[in-house]
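Both ligands and their constituent atoms are indexed starting at 1 by order of listing.
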Amino acid sequence: MNIQYKKVAEEKKKSIAILGSTGSIGTQALDVIRANTDKFTVEVLTGGSNADLLIKQALEFNPNAVVVADESKYQYVKDALLPHDIKVYGGSKAISEVVEMDSIDLVLTAIVGYAGLESTIAAIRSGKQIALANKETLVVAGELVTELAKEKGVNLYPVDSEHSAIFQCLAGEFHNPIEKIYLTASGGPFRGKDSAFLKTVKKEQALKHPNWAMGAKITIDSASMMNNGLEVIEAKWLFGLKAEQIDVIVHPQSIVHSIVQFIDGSMKAQMGLPDMKLPIQYALAYPLRLNSDFPRFNFINYPQLTFEQADTKTFRNLALAFEAMNKGGNAPCALNAANEVAVAAFLADKTGFLEMSDIVERCLQTIQYIAKPSYTDYTETDKETRRIALQFLNS
Ligand code: NAD
Ligand code: MG
């Protein structure tokens with residue numbers, strides 16, 4: 001378990017850096033902070049290319065520094081914030097630099113994909129506590145990141161709802177061994193569909209998730225069940241588990257967010273309406289629970305909570321993720337890179353829904369295996385896999 005207990009000084013406001021503040025998680029985190037200005041201050045905001053939203057957020061939350069990753073937007077953001085005594089930087093490298101600021105207590109990593117890895121490592125290296133939304137960080141380099149966190153005394157507080165559920169179930173139980181965990185999966189918009197149907201699926205259909213409103217990449221991952229595969233690997237590293245201790249169970253209502261089974265057979269589940277603000281707030285405020293006005297669950301609206309086996313024959317991504325996890329080394333990094341290329345191609349109407357799994361599978365077979373990768377090995381694997389994936393796409 002990646003939590004080292006420390007009594008938090010509850011009277012002091014937590015100073016937060018939000019990496020990816022213009023995205024789905026980032027904007028919801030700002031909703032949480034807006035409702036709790038007595039608990040949190042915003043020290044840093046970073047965005048990719050949505051300069052107008054980033055400026056609007058900066059004007060409202062008055063951070064010390066803002067970074068826009070897209071350098072072509074730097075001057076625009078700088079000019080807009082010039083009269084407001086907010087430092088403005090441009091480019092990805094600057095994100096990894098601002099997270100080192102002494103004034104930051106906790107960094108929320110809400111950049112999507114491999115692009116979030118470097119800044120998360122930089123934040124851990126400088127001893128910042130982490131609220132981890134960017135699951136790809138642990139998929140790509142779980143061993144390196146969790147070892148570094150341990151060395152630096154940094155806690156990784158999960159934001160992903162399933163992992164937050166496990167974490168909440170473990171409160172008061174950190175000394176008790178886990179027998180296994182069940183990660184719940186909604187099954188996405190195509191649950192129960194067969195390959196013949198999936199062959200014809202377009203991005204507009206895949207982008208309609210039944211229970212959650214999220215960024216485009218994770219929404220496609222949810223439809224293809226790669227999201228659940230990434231979450232299995234994320235859980236392995238967050239909670240120090242073996243592959244056989246992790247199961248995925250499809251639960252279409254998304255009310256039970258995940259389940260821990262202890263060595264005496266007792267099972268604890270965490271429940272609630274599907275609303276990311278809850279796990280975000282729990283990660284930001286830990287170990288406190290804060291008041292919220294989020295809608296409450298009503299049993300009458302959910303006469304049935306159902307559970308079923310995941311269909312890994314049709315949704316091969318989940319099986320591929322287990323395969324990569326069992327292989328270890330740089331295999332999950334390759335899985336992630338291939339998937340990022342495949343999803344981008346699907347979103348650009350350049351490949352089909354089922355072909356996404358083909359690309360991932362072929363990359364996993366092709367990439368040169370490294371058992372104990374260094375950071376450079378990961379960056380090289382990522383680069384090389386993307387090259388191979390693009391080659392497959394264009395062949
Ligand atoms: P999103 O696409 O809505 O937002 C991504 C953010 O990252 C934006 O602020 C964007 O500007 C920024 N960004 C994108 N590329 C960048 C780059 N190259 N450099 C710097 N910044 C960049 O994504 P999201 O749905 O908010 O997801 C963020 C992360 O949280 C993902 O890793 C996702 O898997 C995870 N997550 C999201 C949800 C959810 O409900 N959205 C749930 C669980 C986990
Ligand atoms: Mg999740």
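Near ligand 1, residues Gly20, Ser21, Thr22, Gly23, Ser24, Ile25, Gly47, Gly48, Ala69, Ile95, Ala110, Ile111, Val112, Ala115, Ala133, Asn134, Lys135, Glu136, Asp160, Met214, Gly215, Ile218, Met276 each place a heavy atom inside the 4.0 Å sphere around the ligand atoms.
With 3.5 Å as the limit, one finds a donor-acceptor pair spanning the side chains of His163 and Glu234. The closest side-chain donor-acceptor pair between Thr379 and Asp382, if any, does not fall under 3.5 angstrom.
A donor-acceptor pair under 3.5 Å is formed between the side chain of Gln28 and the backbone N or O of Ser24. Checked by atom type and distance alone, the side chain of His209 never pairs as donor or acceptor with a backbone atom of Met214 at under 3.5 Å. Without hydrogens or angle criteria, Thr46 side chain to Val67 main chain gives no donor-acceptor distance under 3.5 Å. For the pair Thr146 (side chain) and Glu143 (backbone), a donor-acceptor distance under 3.5 Å is present.
In this structure, Lys193 forms a cation-pi arrangement with Phe197, its terminal cationic atom sitting closer than 6.0 Å to the ring centre and no more than 45° off the ring axis.
Tested against Arg316, the residues Glu323, Glu361, Glu355 include a single salt bridge (charged side-chain N to carboxylate O under 4.0 Å, His left out) partner, Glu361.
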Inset, instruction - I would like to know whether Phe299 and Phe297 meet ring-ring contact (aromatic ring centres under 6.0 Å, His included); could you show each step before the answer? - result: CA-CA 6 Å; Phe299 281 91; Phe297 177 78; 4.7 Å; yes
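Counting only protein N, O or S atoms closer than 2.8 Å to the Mg ion (ligand 2) gives 3.
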